[in-house]
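What follows is a short report on a single structure.
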Amino acid sequence: MNSDFFYRPVWQQHSVLFSLFSVLFMLSYFYLIADIQYAAEQAQQQVTEKQSQIASLTAHLQRMPTDTTAVPTMIDENELAGLLKRHHLTLKTFRYQSVDPFPVWTVELHGFYVNVVSLFDTIIKRQYAFDIQHVYIQKADKQQLLVTLTIQLMKP
């Protein structure tokens, strides 16, 4: 190696090394700052996602009935028939299946959209003890719907 670096004066050697290490330090510092900025942007994005989830869940809780002390009530065939009659819905088919712990009903209704929505609203307000497993909505004609519900009854 025929380098004249070691033949230069000591102050020049020190200034070159100091400059080299200063540039390396500045590049590392800028990389660190960029990494911290990226992490801060990611954290801010997560915070906004969590805030939107909180707002969504809060809106969902506000739509739920406020009387949480009410015990869910059991529904029987006669009460379901009364609900359908009250909401002007026609019962097309009714299938009863006995499954091990709880029975399952498959109910096919025919009626207007507003009546189906008011039926669901009544079911939510009265807190019946069942789980709607499947809902199939088909258009029967221009204004009426054909709704198929699969309901699993539960004990309150």
Side-chain angles (χ1 to χ4, degrees), residues 1-75 80 83-84 87 89 95 97 99-156:
M1 292 184 23
N2 292 332
S3 174
D4 64 342
F5 178 74
F6 294 109
Y7 296 113
R8 292 179 184 249
V10 173
W11 68 272
Q12 286 181 351
Q13 292 176 3
H14 286 281
S15 63
V16 167
L17 289 176
F18 178 75
S19 300
L20 178 68
F21 285 120
S22 296
V23 167
L24 285 175
F25 176 76
M26 294 300 282
L27 289 175
S28 301
Y29 179 74
F30 289 139
Y31 177 74
L32 178 69
I33 293 296
D35 188 43
I36 290 173
Q37 185 178 9
Y38 177 74
E41 289 172 358
Q42 292 294 324
Q44 181 65 27
Q45 184 180 8
Q46 287 178 350
V47 165
T48 55
E49 287 175 4
K50 292 294 182 186
Q51 286 176 343
S52 66
Q53 284 179 350
I54 289 171
S56 170
L57 291 174
T58 303
H60 180 68
L61 282 176
Q62 289 175 351
R63 288 191 304 264
M64 290 180 68
T66 56
D67 185 20
T68 56
T69 59
V71 177
T73 57
M74 289 295 291
I75 187 169
L80 179 65
L83 282 173
L84 296 179
H87 292 288
L89 295 171
R95 278 182 250 136
Q97 299 170 348
V99 183
D100 287 336
F102 306 112
V104 175
W105 293 350
T106 303
V107 181
E108 194 170 298
L109 307 172
H110 188 260
F112 291 105
Y113 174 77
V114 175
N115 297 337
V116 173
V117 171
S118 65
L119 173 71
F120 283 135
D121 187 44
T122 303
I123 288 172
I124 290 171
K125 285 181 181 175
R126 291 191 184 176
Q127 295 184 353
Y128 287 113
F130 62 77
D131 181 24
I132 298 177
Q133 294 179 341
H134 301 286
V135 177
Y136 298 109
I137 300 176
Q138 300 171 348
K139 193 172 185 179
D141 55 24
K142 290 185 179 181
Q143 294 181 353
Q144 293 194 351
L145 299 175
L146 186 64
V147 180
T148 306
L149 302 172
T150 304
I151 301 170
Q152 181 177 11
L153 300 179
M154 300 181 298
K155 290 187 179 179

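The structure places CG of Leu80 at 7.5 Å from CD1 of Ile123, a figure rounded to the nearest 0.5 Å. Rounded to the nearest 0.5 angstrom, Leu145 CG and Gln138 CD are separated by 10.0 Å.
Partners of Ser56 under the side chain to side chain contact (heavy atoms under 4.5 Å, CB included) rule, at least two apart in sequence or in another chain, do not exist in this structure. In terms of the side chain to side chain donor-acceptor pair (under 3.5 Å) criterion, residue partners of Thr122 (sequence neighbours excluded) are, by chain and number, His87.
Side-chain contact check for Leu109 versus Val116: every heavy-atom pair is 4.5 Å or farther apart.
Applying the side-chain hydrogen bond (donor to acceptor under 3.5 Å, both in side chains) rule to pairs touching residues 104-115 yields His110-Gln144, sequence neighbours excluded. Among residues at least two apart or in separate chains, salt bridge (charged side-chain N to carboxylate O under 4.0 Å, His left out) pairs with a member in residues 5-33 are Asp4-Arg8.
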Side chains of residues 14-34: which donor-acceptor pairs under 3.5 Å do they make with residues two or more places apart or in other chains?
unit_1: Ser15; atom_1: OG; unit_2: Trp11; atom_2: O; d: 3.2
unit_1: Ser15; atom_1: OG; unit_2: Gln12; atom_2: O; d: 2.9
unit_1: Ser19; atom_1: OG; unit_2: Ser15; atom_2: O; d: 2.8
unit_1: Ser22; atom_1: OG; unit_2: Phe18; atom_2: O; d: 2.7
unit_1: Ser28; atom_1: OG; unit_2: Leu24; atom_2: O; d: 2.9

Can I get a per-line list of side-chain donor-acceptor pairs under 3.5 Å for residues 41-51, giving both atom names and the distance, sequence neighbours left out?
unit_1: Gln42; atom_1: NE2; unit_2: Tyr38; atom_2: OH; d: 3.3
unit_1: Thr48; atom_1: OG1; unit_2: Gln44; atom_2: O; d: 3.3
unit_1: Thr48; atom_1: OG1; unit_2: Gln45; atom_2: O; d: 2.7

